[in-house]
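The basis for the numbers below is simple: all heavy atoms, side chains too, and nothing from hydrogens, waters or symmetry mates.
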Amino acid sequence: MLECKNITKTFGTFKALDDVSIAVPEGKIFGLLGPNGAGKTTLIRIINRITIPTAGEVILNGKHVDDEDVRAIGYLPEERGLFKKMKVGEQCLYLARLKGMSTAATAELKKWFIRFGIQSWWDKKVEELSKGMAQKVQFITTVLHKPQLLILDEPFSGFDPVNAQMIRDEILRLRDEGATIILSTHNMESVEELCDNIALINKSHLVVTGGTEAIRREYGTNQVEVLYRGGEALPQGKAYEVFSDEEQKDVRRAVLNVAEGCGSRDVLGELIQMADVRSYRELIPRMNDIFIKLVTGK
């Protein structure tokens, strides 16, 4: 649905993005990841035409993105931008009209207020809201016009676990209803839970992009975890090497390095000859571990 092709952005002698290309599939949640200062927000601003790339192009639905396309995008920036002296209802209606909504805006807003249980906030001033309350309001104004492309920059900031889960559920519901979503976050647990694809940017360069599960497997260590019953630790095998083996409450837990050229059938074939195996699973690295490894090299 969205392609950023060879995007470069310089500010004087500083290169914020250097030949970055990503492709966002339609109807998916795409994680845009990277440490602070990596260039993520610059890329988001370029997609929204807040700033123009020094080189490269942004293609939306097969054509160069223009100002009219941007009006149809839902963008929740990391910096919050509600007018503190306005009433919540007035603020929402104002932002809805900027996105082209008119007569339908009030009815749609009230549906969202009921969904989020905030009907009593309509006549509150924005300055009376907590950070999390204001974040709910800004999320509603971002999705109200039912955007085809939704860009969320740190959408869980300021939320307690209950409200963060509410926003996760809404993101999944919007995806299931056909929206394409770019999610920029440092919350790697949310990335694993929500994102179908990711791109990781570091120091203005694209480091890796692809399917979330495929990347997790690519950076795996070829280790497996075995829970088994037996008083003795496992001996070294032909199909595996014992990395660790420790006694737990009712079982022993071993982590094994699978030998090159061997698979689970080979490992299990050896194990069942010497132990009562209760469970066996591949150890696939978490996105948090992959993020740290790719950013720091450790």
Worked verdict on Arg168 versus Glu193 for salt bridge (charged side-chain N to carboxylate O under 4.0 Å, His left out) = CA-CA 9 Å; Arg168 287 189 188 95; Glu193 180 184 353; 3.5 Å; yes

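With a 4.5 Å cut-off on side-chain heavy atoms, Val226 and Tyr240 do not count as touching. A 4.5 Å side-chain heavy-atom check between Ile22 and Leu43 finds at least one atom pair inside the cut-off. Side chains of Lys15 and Thr8 form a contact here, defined as non-hydrogen atoms less than 4.5 Å apart. Between Lys136 and Trp112, the closest side-chain pair of non-hydrogen atoms is not below 4.5 Å. Contact check for His186 versus Glu154: side-chain heavy atoms found under the 4.5 Å cut-off. With a 4.5 Å cut-off on side-chain heavy atoms, Glu241 and Leu256 do not count as touching. Here the side chains of Pro25 and Thr180 are not in contact, with every heavy-atom distance at 4.5 Å or above. Between Ile201 and Leu33 the shortest side-chain heavy-atom distance does not fall below 4.5 Å.
By the 4.0 Å N-to-carboxylate-O rule, Glu189 lies too far from Arg286 to be salt-bridged with it. Under the 4.0 Å criterion applied to side-chain N and carboxylate O atoms, Glu213 and Arg217 are not assigned as salt-bridge partners. At a threshold of 4.0 Å, the pair Lys203-Asp18 does not count as salt-bridged, since none of the basic side-chain nitrogens sits closer than that to a carboxylate oxygen. Of the charged side-chain nitrogens involved, none lies within less than 4.0 Å of a carboxylate oxygen, so that Glu270 and Lys238 do not count as a salt-bridged pair. A salt bridge is defined here as a Lys NZ or Arg NE, NH1 or NH2 lying under 4.0 Å from an Asp or Glu carboxylate O, and Arg45 with Glu79 meets this definition. Between Arg49 and Asp67 there is a salt bridge, since a side-chain N of the basic residue sits under 4.0 Å from a carboxylate O of the acidic one.
Atom CD of Glu232 has 12 or fewer neighbouring heavy atoms from other residues, nucleotides or ligands inside a 6.0 Å radius. Residue Arg173 qualifies as enclosed at atom CZ: its count of foreign heavy atoms under 6.0 Å is above 12. Lys85 NZ: 12 or fewer foreign heavy atoms inside a 6.0 Å radius.
The distance from the CD atom of Glu127 to the NZ atom of Lys84 is 8.0 Å, given to the nearest 0.5 Å. With rounding to the nearest 0.5 Å, the separation of NZ in Lys110 from CD1 in Ile118 is 13.0 Å. Taking CG from Leu152 and OG from Ser184, the interatomic distance works out to 9.5 Å, rounded to the nearest 0.5 Å. In this structure, the separation between CD on Glu225 and CD on Glu282 is 12.0 Å, given to the nearest 0.5 Å. Between atom CD1 of residue Ile47 and atom CG of residue Leu60 there is a gap of 9.5 Å, rounded to the nearest 0.5 Å. Distance CD1/Ile284 to CD/Glu218: 13.0 Å, rounded to 0.5 Å.
Ring planes of Phe83 and Tyr94: perpendicular class, angle over 60° (limits at 30 and 60°).
For Thr10 (side chain) and Thr13 (main-chain N/O), no donor-acceptor pair under 3.5 Å exists by modelled atom type. The backbone N or O of Glu68 lies less than 3.5 Å from a partner atom in the side chain of Asp66, making a donor-acceptor pair. Between the side chain of Asn163 and the backbone N or O of Phe159, no donor-acceptor pair lies under 3.5 Å. Between the side chain of Asp196 and the backbone N or O of Ile29, at least one donor-acceptor pair lies under 3.5 Å. Proximity of a side-chain donor or acceptor of Asp169 to a complementary backbone N or O of Met166 within less than 3.5 Å is not detected. A distance-only check finds no donor-acceptor pair linking the side chain of Thr42 to the backbone of Ala16 [under 3.5 Å]. Looking only at distances, a side-chain donor or acceptor of Glu128 sits under 3.5 Å from a matching main-chain atom of Lys125. Checked by atom type and distance alone, the side chain of Lys99 never pairs as donor or acceptor with a backbone atom of Gly74 at under 3.5 Å. Here the side chain of Asp276 pairs no donor or acceptor atom with the backbone of Arg229 at under 3.5 angstrom. A donor-acceptor distance shorter than 3.5 angstrom exists from the side chain of Thr209 to the backbone of Ile198, with no hydrogens or angles considered.
Hydrophobic cluster membership differs between Leu227 and Ile272, with clusters built from Ile, Leu, Val, Met, Phe, Trp and Tyr side chains linked at under 4.5 angstrom. Leu98 and Ile73 fall into different hydrophobic clusters, defined by Ile, Leu, Val, Met, Phe, Trp and Tyr side-chain heavy atoms under 4.5 Å apart, directly or through other members. A single hydrophobic cluster is not seen to contain both Ile59 and Val70; linkage of ILVMFWY side chains at heavy-atom distances under 4.5 Å, directly or through other members, places them apart.
Phe291 does not carry Lys293 over the face of its six-membered ring by the limits of under 6.0 Å from the centre and within 45° of the normal.
Taking all atoms of both residues into account, the shortest heavy-atom contact from Ile181 to Ile171 is CD1-O, 3.4 Å.
In this structure, a donor-acceptor pair under 3.5 Å is absent between the side chains of Tyr228 and Arg278. Inspection of the Thr142 and Tyr75 side chains reveals no N or O donor paired with an N or O acceptor under 3.5 Å.
Separation of the Trp121 and Phe113 ring centroids does not fall under the 6.0 Å cut-off.
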